[in-house]
Structure formats: structure tokens, C-alpha cells
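Working notes for the structure below.
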Amino acid sequence: MQIIMTKLKYSSSGFSTRAIHTGHDPQQHHGALNPPVYLNSTYAFESTAQGQKRFLGEEPGYVYSRVGNPTETVLEQKLADLEGGEAALAVASGMGAITSLIWSFVEPGDEIIADKTLYGCTFAFFTEGISKFNIKITFIDLTQPEELEKVISSKTRFVFFETPANPNMRLIDISVISAIAHDNGARVIVDNTYCTPYLQRPLEMGADFVVHSLTKYLSGHGDIIAGAIIGPLEDIQKIHFYGVKDMTGAVISPFDAFLTIRGLKTLEIRMDRHCQSAMKIAEVIENHPAVKQVFYPGLASHPQHQLAKEQMNDFGGMIAFELVKGFDAGVIFMDNVQLAMRAVSLGDAETLVQHPASMTHVTYPPEERLKHGISEGLVRISVGLETLSDLMTDIKQALDKAI
Ligand SMILES: *Cc1c(COP(=O)(O)O)cnc(C)c1O
């Protein structure tokens, strides 16, 4: 089976031009500026011969929406273009992207090496899910590339990481890690959710696949759950027509594809605002007496500030900080914000604050939390798009109470 790929018309243009125009030609849709939302599960064939050709992959076209939908295709063309990949596949969630990709390629006996700091459900998939099927998972500190040299072997299928890694914003050098992986025949998957292709393009630095939770910045409005994989065309076809079609069934809804297409139109201006506000907030809270340490790649005090400047176009909208007075101060801060919302997730217009020790990582014993770099007084902020002075006032007054 094959999906219609129209030629990209705008690829040499700037980021926002491509985010807005790639993949949709209004003249093929009655002049409609927005791509239609194709709310259908199946597609009618002109003749049996046509149906046969479509199933044999001899004629491009749609057959059933689990294996492709025209609204989804528009989104995929945009994502491939923006990340600089050959092809993209949009799926039901970020977890759908990670699991569909990995299930498509691993065999019993394979090994996956991952950074020790991962999004919680990715960590759970590795430790409690795929490892049941004789896939060995090794967690190391990928900020130290020599650790990878020590454990990588001919059995290593994938090296997987996020950068910056949640929640303490450690950075991993994409080109150095990719070079080591490739020397050993392994391929590299980067979860680029925190940065989006506007701030960081891992494929251009040697990574083989990028995965995204479209739920976050890319759709940008906190109204959907969706995900994506970007990589070489042949591999994306395998994930599409085997991984998603037969194994996970993690299909994106056409309406969620449409909302992501809509969100992408403002990605650049939203990210610029997220980055600007986050930088100012990071600078201010770094000097607040309630705060022990701020983790933000844009600060000169960040141990990998130099790498951040080389690898990222700007420093992103996520800040983590540690409070002097630990767990209790974390709770006081959280309970006293008035504008910021106490919520997990990230990348929305609303500023979201979360306290891992009492929320996402509450079930871990404190020693286990520390192993993952989560101290008791660590708070994470997804800086939103509100008026900066309002946000600053809110954060300062809540910090004043946490001294
Ligand atoms: C949210 C998130 C995911 C999971 O995405 P869902 O869309 O919630 O399935 C994976 N990785 C990172 C870094 C995330 O923030």
C-alpha cells in the first residue's frame, strides 16, 4: 500500500512559510485555505481493478484510514519538511510513536541503550513492557559519551534519548552520540518534544529518527493527544504498514491531525515567546532566596550552556528549579501560584507548574527519585504565553511564601 505524496512546493522557504504552506494546495480543494478534515474510515474504489492495484501498492491512494487519511498526510508532509526528514508518520500519541517505532524493528536478543532520564511512560515501556520479550534495556548517562562506548555492542539496535532531558534539563550531544552509535551499527532515536524542530533538528546532526508528542508544543493548545515519527522513507513505511497497521493500531484521528496543522501555523511565534519569557523568568528566579538552583540551558550557570548554544537555536520554554527548603517548600510554592496552573504536560498557552516529588514521581521512594535526578524540592515550569509581567508577579509572590 502506498500513500499519495505530493511534491513539496516550499522546501527552500523559511520555517514558518513551510509550517503554514507545505502539503496543502488550496486550488485542489475549491480554494479552501485550510485542508479539509476527511472524517471517514474507508475509501470507495472506481473498480475492482483499482482496489486491487491499491492493495498491491501499484497505484498510490487510500484504502482505509488505519493505513492513511488525507488530513493525516498533510500533517506528515509538514512534519517531514520541518524536521528535515524524508518522511513522517503521525500517530495517536507520543507513546504511540515510541512504541510503534520500536516494535517495528526489534527482535528477541536485541539491546536498546537509553539515557537514564526519560519521560516516565517511556521508562515504563522499556522496563516493564518491551523488556519482557527478551530485549535488553541498558540505562546509562548519555551526557558522558564514553559510557556509551563501554556498553554498546553489535546487539545494540537503538540508542534512545531526550535532550534536554526532563526534569533537570541535562543535554546530550546529538552528533557525538550518533557517530558512536553508527560506528557500532546502531541507530539513534531522539525524542524532540521539548525543542520542536524550530529549536533543534536532530536528523541534521546525525540522528536516524525523531519522535514527538504532538500533544505538547507542536499542536500547542492542550486540546489533543497525538504523536509523530520522522525518519527515512523506507523505515517510515515499515512503521506505517506494519508497526501501526498491524501491531499498535495507534492511528491519529483526522480531527487531531487538523488541530496540529492549525497549531503549526503559529509554532515559530509561540516558541519565540515561550523562549523569551522563560529566559527572563529563569534569570529572575535564579536570584530569589527561596531558590537553590535553576536548571535552564540558557543560563550561563547551566553546566552545558555551551552545548546548548551549539545544538539549539534557542533555549526553550521549560525551566526546572530546586527550592532551598525541599519538599515542603515545593508544596507551598505549588499551592500559592494563582495564574500558573498546577498541571502536568507542557507546551500549552497556559503556564503549567508541577512538583515531581508529589505528583508525577510520587510513587517512587525518595532514593529512587534521586537516582533519576529528582530532588524533593524540584519544581518544573512550562512557561506559557501569558503577559510576562503577570506571570513574573505570580511566580515571585509564590516563591516569597516558600522562603
Ligand atoms: C508527553 C511526552 C511524551 C508522551 O507523549 P503522549 O502524547 O502523552 O503520549 C513522550 N516524551 C516526552 C518528552 C513528553 O513530554
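When a ligand or atom number is given, it counts from 1 through the structure's own listing order. In this text, all values refer to a predicted model and were calculated from it rather than measured experimentally.
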Revision key, fill the gap. Closest to atom 10 (C) of ligand 1 (heavy atoms only, candidates L346, T99, D191, L118) is D191

I need the nearest protein heavy-atom contact for [atom]: residue, atom name and distance, please.
atom                   : value
atom 6 (P) of ligand 1 : G94 N, 3.3 Å
atom 1 (C) of ligand 1 : K216 NZ, 1.4 Å
atom 8 (O) of ligand 1 : Y119 OH, 3.9 Å

Is it the case that the ring center of [Y] lies less than 6.0 angstrom away from the ring center of [X]?
X    : Y    : answer
F295 : H302 : no
F139 : F123 : yes
F315 : H305 : yes
F333 : F321 : yes

Check your understanding: So, is T122 polar-close to ligand 1, with some N/O to N/O distance under 3.5 Å?
Key -> no

Check your understanding: Based purely on interatomic distance, does M95 place a nitrogen or oxygen under 3.5 Å from a nitrogen or oxygen of ligand 1?
Key -> yes

Check your understanding: Taking all non-hydrogen atoms of both residues, which atom of H221 and which atom of T266 are closest, and how far apart?
Key ->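 The answer is CE1-OG1, 4.4 Å.
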
Revision key, fill the gap. Atoms of ligand 1 under 4.0 Å from any heavy atom of A226, numbered from 1 in the order shown, are 7 (O)

Check your understanding: Do R270 and Y198 meet the cation-pi criteria used here (NZ or CZ under 6.0 Å from the six-membered ring centre, within 45° of the axis)?
Key ->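 No.
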
